[in-house]
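Owing to the predicted nature of the structure, the values given are computational and were not obtained by experimental measurement.
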Amino acid sequence: DGKFIRLYPVNFRDQAYSKQYRKYQWIEVEAAHHTGRDFRKESYRPDSDTLTMLGEKIATNGNWLERSKYVLPLRSASMESLKEQQKIDETSLGLIRPKLIKDMIVGPADRDWKPSFYQELRQARLWEDRTASREPPRKVPFTFKYLFECDDPRCKGHRMMNEDWEVGALYWKLIDGGATEEVACQKVKQKFFDELCGPKKDTHFFVGTVLAHPKSWVVIGVYYPTISKPPTGPIQPTLFDG
């Protein structure tokens, strides 16, 4: 119906290639509301065996015009408005357009998962194949936080963690390629701040709440079409018949 939902766990690494969908690609899958401790209304548990891909991923033509038809109607005016909506109906997913993205702060983090969380990860369906449990993904030993302001008189500024899985994927790709931790962090910032939040981009943040801390919001993705510019050059005369 055009609204956000959250699908997890998805045993993506164990799926056949024919089911390894891409971002902005339509899929069809049977899913049911999560039960137990995840009470967030948008959270669904998919049955990965029923997953099918529907066509190719949505293209970026025309400054992401086709993607924006589905994404931008979901935009909230600000984080302040989104939090107000959360009080009304327990919304836990959203999209915002920051007025000003000041910086991305890189800081140290624990190098290993907490033992209890590590065991949960190992036992989760997400990391299991048909025969044995898989190891959880490597933990990134740094945090990447956006510092931004909303276009809202109530906004006092936000410092929000970027939990986009692509941040970790890029970090480990750089490390595995021989980069030092310092260089890897610099390049992650170059990508997710200098490039995706640069002056040529109409940057939006996909945001969501944290299960263990339902009032805490984090960035879970970045939407960054190029800013449309009006045509330049001399105005062409218009000819009227008669």
For the pair [X] (side chain) and [Y] (backbone), establish whether a donor and an acceptor sit closer than 3.5 Å, ignoring hydrogens and angles.
| X | Y | result |
| --- | --- | --- |
| T209 | K215 | no |
| D1 | K3 | yes |
| N162 | D164 | yes |
| Y146 | F192 | yes |
| R67 | I58 | yes |

Heavy-atom pair with the smallest gap, counting every atom of [X] and [Y]:
| X | Y | value |
| --- | --- | --- |
| V207 | M79 | CG2-SD, 4.0 Å |
| Q25 | Y21 | OE1-CA, 3.5 Å |
| T203 | R97 | O-CG, 3.6 Å |
| P9 | P46 | O-CG, 3.5 Å |
| A109 | T143 | CB-CG2, 3.7 Å |
| I175 | A184 | CD1-CB, 3.9 Å |

Tell me, with the steps shown, if F144 and F193 meet ring-ring contact (aromatic ring centres under 6.0 Å, His included).
CA-CA 10 Å; F144 300 88; F193 177 67; over 10 Å; no

Output, in order, the C-alpha distance, side-chain angles, deciding distance and verdict of salt bridge (Lys or Arg N to Asp or Glu O under 4.0 Å) for D89 and K41.
CA-CA 9 Å; D89 61 8; K41 66 177 184 177; 3.4 Å; yes

Does a side chain donor of either [X] or [Y] reach within less than 3.5 Å of an acceptor in the other side chain?
| X | Y | value |
| --- | --- | --- |
| Y223 | D202 | no |
| Q86 | T91 | no |
| E80 | H158 | yes |

Output the distance between atom [atom1] ([X]) and atom [atom2] ([Y]), rounded to the nearest 0.5 Å.
| X | Y | atom1 | atom2 | answer |
| --- | --- | --- | --- | --- |
| I220 | M160 | CD1 | CE | 10.5 Å |
| S43 | R37 | OG | CZ | 11.0 Å |
| W172 | R138 | CH2 | CZ | 5.0 Å |
| R6 | L211 | CZ | CG | 8.5 Å |
| L82 | L93 | CG | CG | 9.0 Å |
| C197 | K189 | SG | NZ | 11.0 Å |

What do the steps show when you test R40 against E90 for salt bridge (Lys or Arg N to Asp or Glu O under 4.0 Å), and what is the final call?
CA-CA 7 Å; R40 294 172 296 180; E90 298 184 337; over 6 Å; no

Taking the side chain as everything from C-beta on, heavy atoms only, tell me whether [X] gets closer than 4.5 Å to [Y].
| X | Y | result |
| --- | --- | --- |
| F39 | S92 | no |
| K200 | I227 | no |
| K102 | E149 | yes |
| V222 | H204 | no |

Identify whether the distance between the nearest side-chain nitrogen and carboxylate oxygen of [X] and [Y] falls below 4.0 Å.
| X | Y | value |
| --- | --- | --- |
| R111 | E181 | yes |
| K201 | E195 | no |
| K99 | D152 | no |

Is the [atom1] atom of [X] crowded by more than 12 outside heavy atoms at less than 6.0 Å?
| X | atom1 | value |
| --- | --- | --- |
| K139 | NZ | yes |
| D112 | CG | no |
| K19 | NZ | yes |

Step-by-step side-chain contact (heavy atoms from CB on, under 4.5 Å) determination, V218 to V210
CA-CA 7 Å; V218 297; V210 179; 3.8 Å; yes

Using the ring-ring contact (aromatic ring centres under 6.0 Å, His included) rule, take Y70 and W26 through it: C-alpha gap first, then chi angles, then the decisive distance, then the call.
CA-CA 11 Å; Y70 304 102; W26 287 108; 5.2 Å; yes

Is it the case that one hydrophobic cluster holds both [X] and [Y], taking links as side-chain heavy atoms less than 4.5 Å apart, direct or via other members?
| X | Y | value |
| --- | --- | --- |
| L95 | L65 | no |
| V29 | Y24 | no |
| W217 | I5 | no |
| I96 | L74 | yes |
| Y224 | L72 | yes |

Could you label the plane-to-plane angle of the F148 and F205 rings as parallel, tilted or perpendicular, counting under 30° as parallel and over 60° as perpendicular?
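Judged by the thresholds at 30° and 60°, the geometry between F148 and F205 is perpendicular.
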
After noting the C-alpha distance and the side-chain angles of E166 and K23, does the key distance pass the salt bridge (Lys or Arg N to Asp or Glu O under 4.0 Å) rule?
CA-CA 11 Å; E166 291 187 354; K23 288 182 68 176; 3.4 Å; yes

Step-by-step ring-ring contact (aromatic ring centres under 6.0 Å, His included) determination, H34 to Y8
CA-CA 9 Å; H34 266 269; Y8 82 93; 4.2 Å; yes

Evaluate side-chain contact (heavy atoms from CB on, under 4.5 Å) for V71 paired with W64, printing each intermediate quantity in order.
CA-CA 10 Å; V71 173; W64 297 25; over 6 Å; no

Check against side-chain contact (heavy atoms from CB on, under 4.5 Å), M104 and Q190
CA-CA 9 Å; M104 172 177 270; Q190 287 174 4; over 6 Å; no

Run the numbers on K187 and L170 for side-chain contact (heavy atoms from CB on, under 4.5 Å), then give the verdict.
CA-CA 9 Å; K187 290 188 177 297; L170 176 57; 5.7 Å; no

